[in-house]
Amino acid sequence: MKFERRDRGIPLRLKRLGGALGIALAAQGALVAPAHAQFLPEGFFTRLPEPGAPAQVEANTLNYDAISDVISATGRVVMNYSGYVLACDSLVYDQGSGSVTCSGNVQIRDTQGTVYEAERIEVTGGMKEAFIRSLTLTTTDGAQITAHDARFSETLETVLTDASYSPCGLCIDEKGNRIGWKVKAAKLVQNNETKVVYFEQPRLEVLGMPVAWLPWLWLPDPTSKRNTGFQLPSVDYKEKLGGRLRVPYFIGIGEDTDILLAPQLMTRQGFLMAASWQQRFDYGTVSFEASGLYQLDPGAFAGTVGERDWRGAIESYGHFRVAEDWTAGWNYTVFTDAAYLDDYDFSNAGRVINEVYATHLSDDFFVDVRLQEFKQLGDVTEATQNQQALTVPNARSSSYLDLGANGQVRLDATMIGVLREENSYFSYGGEPYVFGYEGQKFHGTAEASWQNQYILPGGLVATPFLGIRGDITNYDDGTEGDPPAGMAEPLDELLFNATPIAAMDVRWPLMATNGADSHLLEPIAQLVWRGSDTTRVGITNDNAHSFVLDDTNIFSYNRFTGSDRQETGLRANIGARYLANFSRGQWLELIAGQSFHLAGVNAMGVADEVNTGVSTGMGEDASYLVLGARGSPFAGLVLGAKAQIDVGGPTIARAGLGADYAIGNGFRVGGDYIYLPADAATGVTQDQHEVTVRAGAPLPLDYWRVEGSTSWDLATSQWLESTGRLYYDDGFFLAGGFVTATGSTHTNPDSVAFGMSLKLKAPGAEFGIGF
């Protein structure tokens with residue numbers, strides 16, 4: 001069981017309090033996230049006019065006693081206080097003391113539109129204390145709070161008797177169905193001195209039915225975020241840990257120092273102690289976190305790096321504004337084993353980056369310098385960790401100079417030093433991939449460029465580009481090691497390379513309209529020259545591992561994703577873009593393009609140890625034809641497709657299709673198809689045809705819905721995965737379950753997972769339990 005909460009910010013604190021109380025009752029004492037406990041908008045009484053402020057009063061009968069400075073009105077009274085409107089049957093207002101007494105069908109509407117209803121209201125002491133009888137409060141987002149009587153004291157406490165809160169008002173829909181949830185309490189006390197909220201006989205109703213009750217409940221008052229004392233505890237269950245109770249204790253030391261002690265007690269693994277310290281300065285923040293335990297049952301993690309007695313971790317973070325436009329800091333994590341943080345729910349990330357950094361950012365200049373150590377998380381051995389790199393340094397900078405009508409000048413630079421103890425490699429379909437070699441490498445690049453845009457006769461748009469790139473690289477293989485099977489490590493090498501760059505981009509946007517319909521056709525032609533025959537400017541490839549030619553990069557000057565590779569030679573890119581918008585909401589976007597290698601070395605024809613550039617459709621003189629299409633032929637339906645076409649066949653080199661259709665009344669259907677042909681060069685041993693179909697529909701019962709999806713491998717006629725979900729959701733209360741099953745060829749083969757969830761929802765917040 002896992003408790004979770006998402007809070008997007010709520011102006012009225014009562015929503016959080018009601019949600020937290022509801023979950024606490026549902027769990028019979030299993031407490032959840034912080035909640036707020038004040039049933040009027042913050043500062044409501046203090047925002048009213050000061051004593052003696054002018055009042056505009058309308059009434060059937062109005063009297064003013066100049067000696068006592070009292071206004072009295074009878075009949076249907078309407079009083080306006082600086083944007084507040086108060087209405088009642090009778091009213092007495094003492095302008096000297098600030099006391100107001102209203103009785104009979106009282107209504108107050110504040111400046112936010114919140115309406116308060118009561119039979120009688122008494123306000124005294126300059127509006128600092130109010131006693132409201134038979135209170136009903138309806139907020140602008142529809143939530144409702146009621147109490148038989150209530151007393152508010154700004155300096156002491158808030159007391160509500162026979163109180164209730166419901167985020168859905170009366171919680172009855174237009175068909176007469178009970179919906180949502182409501183929390184009731186015989187008495188609620190919020191004490192501003194002890195910073196606690198106390199409930200007598202709290203109970204939870206869901207869909208109009210009582211589902212949970214407690215004789216009493218005590219909650220820390222989160223309206224004081226830094227109050228020393230216990231915070232909301234939580235409970236959950238994990239098979240390897242057993243039942244778990246967390247009891248956080250917060251210590252506020254001054255305004256800038258926080259300590260949080262968060263012990264955990266687990267039925268299977270024993271006692272875990274966690275603590276954090278945070279120090280805030282005018283110019284930054286420093287924090288340290290530490291946790292650890294002696295595992296009572298290490299066998300729960302048998303066969304993994306977590307099978308050990310003592311486990312723990314220390315984490316540190318710092319961030320400072322050291323000067324104008326400059327920030328600096330660090331992140332550092334050390335652990336007994338790489339699986340600890342995930343096993344005990346401190347982090348579910350796949351890796352951590354230990355680093356020290358400094359960053360400058362201004363309007364026309366950016367520089368970022370980092371010293372980094374990469375660590376994998378999970379069931380990772382020390383040998384695998386040694387394959388991860390240290391980048392000392394990893395730096396990049398960019399600046400530009402706007403020349404106005406004469407264009408723009410850019411300066412870009414990168415500097416990376418890579419240290420690695422072991423070769424990092426992987427075999428896919430019998431084809432080796434080397435993601436990094438042992439040893440050390442330094443690679444620095446610098447590029448200066450200029451470009452400008454010109455509008456030519458006939459509407460042509462021409463953008464010339466001139467640049468120069470320089471690379472300096474040194475690689476030392478370091479200690480002797482075994483290279484990956486079938487591959488030799490690169491020799492020690494020192495490389496200097498300069499690459500002049502010249503390009504011209506010409507576009508001819510053609511626009512046509514027909515009433516509310518619009519059409520844009522834009523032919524595009526590019527000529528790009530990179531005057532170097534060296535594509536492997538990094539000697540080894542540590543940061544340019546992926547490349548797929550598609551409609552997003554067909555018109556790029558350099559398609560490699562990192563600095564260790566670059567395009568070379570003379571290349572032309574030809575294509576067009578079409579965009580149409582129609583009066584009835586339909587739209588269509590088409591992109592087509594092809595790249596042609598004209599002279600020099602074709603960088604995409606030069607393979608490296610990561611197989612970057614292999615089978616991308618760019619290795620020949622004419623690339624694959626790239627097609628992309630998206631559109632909506634009518635409301636609710638969105639279609640999309642991408643394809644690579646080998647025009648020499650012609651054959652389809654890669655393709656993907658997608659469709660989603662939303663029908664009225666909540667019906668949805670959709671699907672995706674992906675095709676990838678067999679390619680021994682990249683380790684794809686057979687054609688891949690995978691299709692996914694998904695659908696969702698409401699059930700005949702109000703607020704019930706069913707959703708599902710299934711994936712199938714058409715090439716092997718094998719089922720991959722199916723997921724189903726059944727749930728109830730009326731906008732305020734959600735309950736449901738899911739099940740997921742996988743086939744034998746899935747990355748997680750022959751598995752079944754299922755779960756359930758309950759959520760109490762209020763405007764802007766959710767409070768949930770997951771199983």
Side-chain angles (χ1 to χ4, degrees), residues 453 455-456 458-463 503-528 546-559 561 571-597 604 615-618 620-662 668-677 689-692 694:
Q453 187 178 88
I455 308 299
L456 305 179
L460 288 172
V461 179
T463 306
M504 175 65 75
D505 181 296
V506 179
R507 303 180 183 223
W508 191 17
L510 303 172
M511 185 77 178
T513 60
N514 180 20
D517 299 344
S518 65
H519 304 265
L520 173 65
L521 176 63
E522 187 179 48
I524 304 171
Q526 294 178 334
L527 191 64
V528 184
S546 63
F547 168 70
V548 175
L549 181 67
D550 64 12
D551 55 340
T552 63
N553 58 24
I554 185 64
F555 299 113
S556 298
Y557 293 165
N558 183 18
R559 299 171 180 86
T561 56
R571 185 173 286 278
N573 305 317
I574 307 295
R577 182 172 72 99
Y578 170 74
L579 178 62
N581 288 283
F582 302 96
S583 59
R584 296 184 178 181
Q586 307 98 323
W587 59 276
L588 175 65
E589 183 180 20
L590 303 175
I591 297 178
Q594 192 171 9
S595 184
F596 300 89
H597 181 257
M604 294 298 179
S615 301
T616 60
M618 293 280 289
E620 305 296 330
D621 290 342
S623 77
Y624 294 155
L625 176 64
V626 172
L627 303 175
R630 296 187 307 134
S632 176
F634 51 84
L637 178 61
V638 178
L639 304 172
K642 289 187 177 186
Q644 292 179 349
I645 308 297
D646 184 352
V647 295
T651 58
I652 298 176
R654 181 189 292 259
L657 302 173
D660 282 289
Y661 183 35
R668 292 180 177 272
V669 294
D672 299 303
Y673 167 76
I674 297 175
Y675 166 69
L676 188 65
H689 297 267
E690 295 182 7
V691 62
T692 298
R694 54 187 174 273

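Only heavy atoms go into these numbers, but all of them, side chains included; no hydrogens, no water, no symmetry mates.
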If you look only at distance, which donor and acceptor atoms sit under 3.5 Å apart when one is on a side chain in residues 506-514 and the other is two or more places apart or in another chain?
{"residue": "Arg507", "atom": "NE", "partner": "Asp505", "partner atom": "OD1", "Å": "2.9"}
{"residue": "Arg507", "atom": "NE", "partner": "Asp505", "partner atom": "OD2", "Å": "3.4"}
{"residue": "Arg507", "atom": "NH2", "partner": "Asp505", "partner atom": "OD2", "Å": "3.2"}
{"residue": "Trp508", "atom": "NE1", "partner": "Gly458", "partner atom": "O", "Å": "2.8"}

Taking distance alone, no hydrogens or angles, what donor-acceptor pairs closer than 3.5 Å link side-chain atoms of residues 649-662 to residues at least two apart or in another chain?
{"residue": "Asp660", "atom": "OD1", "partner": "Arg694", "partner atom": "NE", "Å": "3.3"}
{"residue": "Asp660", "atom": "OD1", "partner": "Arg694", "partner atom": "NH2", "Å": "3.1"}
{"residue": "Asp660", "atom": "OD2", "partner": "Arg694", "partner atom": "NH2", "Å": "3.2"}

Scan the side chains in residues 635-646 for donor-acceptor partners under 3.5 Å anywhere in the protein, sequence neighbours excluded, and list what turns up.
{"residue": "Lys642", "atom": "NZ", "partner": "Asp551", "partner atom": "OD1", "Å": "3.3"}
{"residue": "Gln644", "atom": "NE2", "partner": "Leu549", "partner atom": "O", "Å": "2.6"}
{"residue": "Asp646", "atom": "OD1", "partner": "Gly648", "partner atom": "N", "Å": "3.1"}

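Side-chain atoms of Val691 and Asp672, non-hydrogen and from C-beta on, never get closer than 4.5 Å to each other. For the pair His519 and Asp517, the minimum side-chain heavy-atom distance is below 4.5 Å. With a 4.5 Å cut-off on side-chain heavy atoms, Met618 and Arg571 count as touching.
Remark: Phe596 engages no residue in a ring pair (Phe, Tyr, Trp, His ring centres under 6.0 Å) (not counting sequence neighbours). Checked against side chain to side chain contact (heavy atoms under 4.5 Å, CB included), Asn581 has the following partners two or more places apart in sequence or in another chain: Ser518, Leu579, Trp587. For His689, the side-chain hydrogen bond (donor to acceptor under 3.5 Å, both in side chains) partners two or more places apart in sequence, or in a different chain, are Tyr673. Here Arg559 pairs with Glu567, Asn573 under the side-chain hydrogen bond (donor to acceptor under 3.5 Å, both in side chains) rule; sequence neighbours left out. In this structure, the side-chain hydrogen bond (donor to acceptor under 3.5 Å, both in side chains) partners of Thr552, at least two apart in sequence or on a different chain, are Asp550. Remark: Ala572 pairs with Leu527, Leu598 by the side chain to side chain contact (heavy atoms under 4.5 Å, CB included) rule, at least two apart or across chains. Partners of Thr561 according to the side-chain hydrogen bond (donor to acceptor under 3.5 Å, both in side chains) rule, which considers only residues two or more places apart in sequence or in another chain, do not exist here. Every side chain to side chain contact (heavy atoms under 4.5 Å, CB included) that Ala503 has, sequence neighbours left out, goes to Phe465, Val528, Tyr557.
Between the Gln594 side chain and the Ala622 main chain, no donor and acceptor come within less than 3.5 Å of each other.
Summarising the geometry, atom CZ belonging to Arg584 is positioned 13.5 Å from atom OG belonging to Ser632; distances are rounded to the nearest 0.5 Å.
Residue Ile554 forms a side chain to side chain contact (heavy atoms under 4.5 Å, CB included) with just one option from Ile524, Ile574, Val626, Leu625, and that option is Val626.
Of all heavy-atom pairs spanning Met504 and Ala462, the tightest one is SD-CB, 4.1 Å.
Applying the salt bridge (charged side-chain N to carboxylate O under 4.0 Å, His left out) test to pairs two or more places apart or on separate chains, those with a residue in residues 625-641 are Glu589-Arg630.
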